[in-house]
Number of protein chains: 2
Amino acid sequence: MAATDKALAGLRQMIASGELGPGAKFPPEPELCDHLGVSRSSLREAVRSLGALGVIESRHGSGTYVSALDPAAIISRFSLSVELIPLEGVLELLEVRRVLEAHATAAAAARQDPELAERLATILDRLESTTDATQIQHLDAEFHNAICTAGGNSTVTALTDVIRGRGGHYRIFEPGADFDAIKRTSDRGHREILAAITTRDPAAAATAASAHIAQTELWLRALRPVPQPELP
Amino acid sequence: MAATDKALAGLRQMIASGELGPGAKFPPEPELCDHLGVSRSSLREAVRSLGALGVIESRHGSGTYVSALDPAAIISRFSLSVELIPLEGVLELLEVRRVLEAHATAAAAARQDPELAERLATILDRLESTTDATQIQHLDAEFHNAICTAGGNSTVTALTDVIRGRGGHYRIFEPGADFDAIKRTSDRGHREILAAITTRDPAAAATAASAHIAQTELWLRALRPVPQPELP
DNA sequence: GTCTCCGAAATGGTCTGATGACTTACGCTT
DNA sequence: AAGCGTAAGTCATCAGACCATTTCGGAGAC
């Protein structure tokens with residue numbers, strides 16, 4: 001087995017076996033090199049690999065530690081790779097977001113939390129009164145994130161955040177011919193979601209969220225039209 | 001900015017800017033070092049980071065390449081980290097799997113594919129006739145994977161595969177007191193899913209899949225009971 | 001006695017140079 | 001024209017040195 005792979009397997013084994021739990025500190029690098037039988041370069045490359053995946057963290061001058069191994073934190077590391085995925089792939093990811101966010105929105109609606117509806121209304125007020133693309137993107141993220149957080153599953157929130165962050169790069173809301181129509185449709189969608197949450201109607205909430213994101217998918221598809229199949 | 005971070009940002013920028021598309025080859029390491037202004041060690045650590053995330057691939061003796069940037073391939077890289085997540089986190093992940101797989105199962109049921117039902121039936125016949133834990137796990141994965149694949153979204157398939165792989169480590173199906181009851185319940189759940197697909201009933205398929213995975217969640221919770229809150 | 005500050009030790013971060021291993025492609029032989 | 005061997009290109013690994021940051025204990029001031 002290659003040196004770096006050997007180091008990688010060894011480090012993972014130390015965690016998987018329970019020898020080192022979340023937050024635990026690894027031995028110093030020279031000691032690990034000796035233990036794993038690889039050079040420091042190879043060990044460090046293995047450490048970087050697991051670091052990129054959110055499994056371990058190196059702190060300069062302090063040591064190397066096992067991360068909290070929290071699913072949400074690990075998923076948020078995805079953004080480094082997801083942000084590089086081409087449009088075709090983003091459309092598949094948006095289907096994931098649509099399904100998950102419909103679920104989370106329904107869960108949020110099922111909760112008895114009057115404060116949530118208030119906060120969401122405040123966000124929408126600000127969102128509807130701006131035409132700045134960056135501001136729109138930021139407030140839209142805040143709105144959906146607040147709902148997912150209320151849904152109660154931080155993993156779902158992390159996943160939808162990552163996917164939304166990727167979609168945001170396409171900047172649907174650039175001033176252009178369709179800007180007004182798109183903005184109006186988007187605002188209406190948000191209000192429908194809020195209404196379902198306010199009336200505590202999970203089914204309506206799921207439908208509204210699903211439709212809202214499906215609309216986003218349509219806009220993104222329009223940015224790069226797929227070749228139409230030839231009809232016989 | 002730290003050297004490795006500088007290299008990481010530079011490499012990502014080369015892809016994000018479109019300078020290098022999927023499958024493209026990077027310049028040789030010495031050239032990249034010069035271009036990015038870092039030493040070879042730092043560059044290689046950055047390359048390893050992006051390699052762990054499935055964004056680039058180094059081939060010994062050949063060169064370093066941008067990966068296909070396929071969402072499914074990138075997500076499957078996460079098994080390296082997901083497999084280390086503790087049980088509490090796995091339960092949150094299983095909720096994601098439940099929602100996504102219910103969706104995919106409904107989509108599979110909506111398709112007109114008689115061959116699918118046949119293949120699934122064959123898998124279940126084999127699954128029901130074995131009591132070997134490894135065999136059960138393998139056939140169960142094959143069954144669910146076939147359904148998700150038929151669902152048509154490879155990203156959903158990749159995600160559910162990763163999560164299922166993690167849950168499989170807990171080996172619910174070890175021979176024990178409850179083995180027979182658990183096995184019977186599981187087999188029945190699979191048959192209900194297959195029936196919904198055979199009769200092309202998406203709603204029933206989603207319900208059956210959701211219930212089947214919810215059952216798995218209950219079994220996993222039983223493995224490590226959560227502390228009950230004290231009642232006043 | 002307590003607090004502050006400084007410095008030494010511990011530890012990860014970076015660079016350099018050399019060598020090994022694998023892949024690829026070219027040119028030679030048959 | 002096909003097969004083969006060699007050489008060039010490229011990544012993989014190792015070793016050693018030095019830098020940057022954190023941490024902690026001890027010396028000194030109050």
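No experiment lies behind these values; they were computed from the predicted model shown.
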### Task
Compute whether any side-chain donor of one residue and acceptor of the other, for A/H212 and A/E101, lie under 3.5 angstrom apart.
no
### Query
Do the side-chain N and O atoms of A/N145 and A/T149 include a donor-acceptor pair separated by under 3.5 angstrom?
yes
Would you indicate, yes or no, if [N] has its OP1 or OP2 atom less than 4.0 angstrom from a side-chain nitrogen or oxygen of [X]?
| X | N | answer |
| --- | --- | --- |
| A/R44 | D/dT13 | no |
| B/T64 | D/dC11 | yes |
| A/S42 | D/dA12 | no |
| A/S41 | D/dA15 | no |
| A/R59 | C/dG12 | no |

### Task
State whether B/R126 and B/E142 are salt-bridged, where the test is any N-O pair (Lys NZ or Arg NE/NH1/NH2 against Asp/Glu carboxylate O) under 4.0 Å.
yes
### Query
Could A/E29 and A/R40 be called an ion pair, given the rule that one side-chain N must be under 4.0 Å from one carboxylate O?
yes
Of the nucleotides [options], which one has an atom closest to the side chain of [X]?
| X | options | answer |
| --- | --- | --- |
| B/P28 | C/dG13, D/dT10, C/dC15 | D/dT10 |
| B/A3 | D/dC14, C/dT14, C/dT11 | C/dT14 |
| B/E29 | C/dG12, D/dT13, D/dC11 | D/dC11 |

Would you mind reading off the distance between [X] atom [atom1] and [N] atom [atom2], rounded to a whole angstrom?
| X | N | atom1 | atom2 | answer |
| --- | --- | --- | --- | --- |
| A/Y65 | C/dG12 | OH | C1' | 10 Å |
| A/L8 | D/dA12 | CG | P | 14 Å |
| B/D5 | C/dG12 | CG | P | 17 Å |
| B/H60 | C/dC22 | NE2 | P | 6 Å |
| B/E31 | D/dC11 | CD | P | 10 Å |
| A/L32 | D/dC14 | CG | P | 14 Å |
| A/L11 | C/dG12 | CG | P | 12 Å |
| B/L43 | D/dA12 | CG | C1' | 13 Å |

### Query
Nearest nucleotide by nearest heavy atom, which residue falls closer to the 5' end of DNA chain D, A/S62 or A/S39?
A/S39
### Query
Ring centres of A/Y65 and A/F26 under 6.0 Å apart?
no
### Query
Is there a donor and acceptor pair closer than 3.5 Å between the side chain of A/R40 and the base of D/dG16?
no
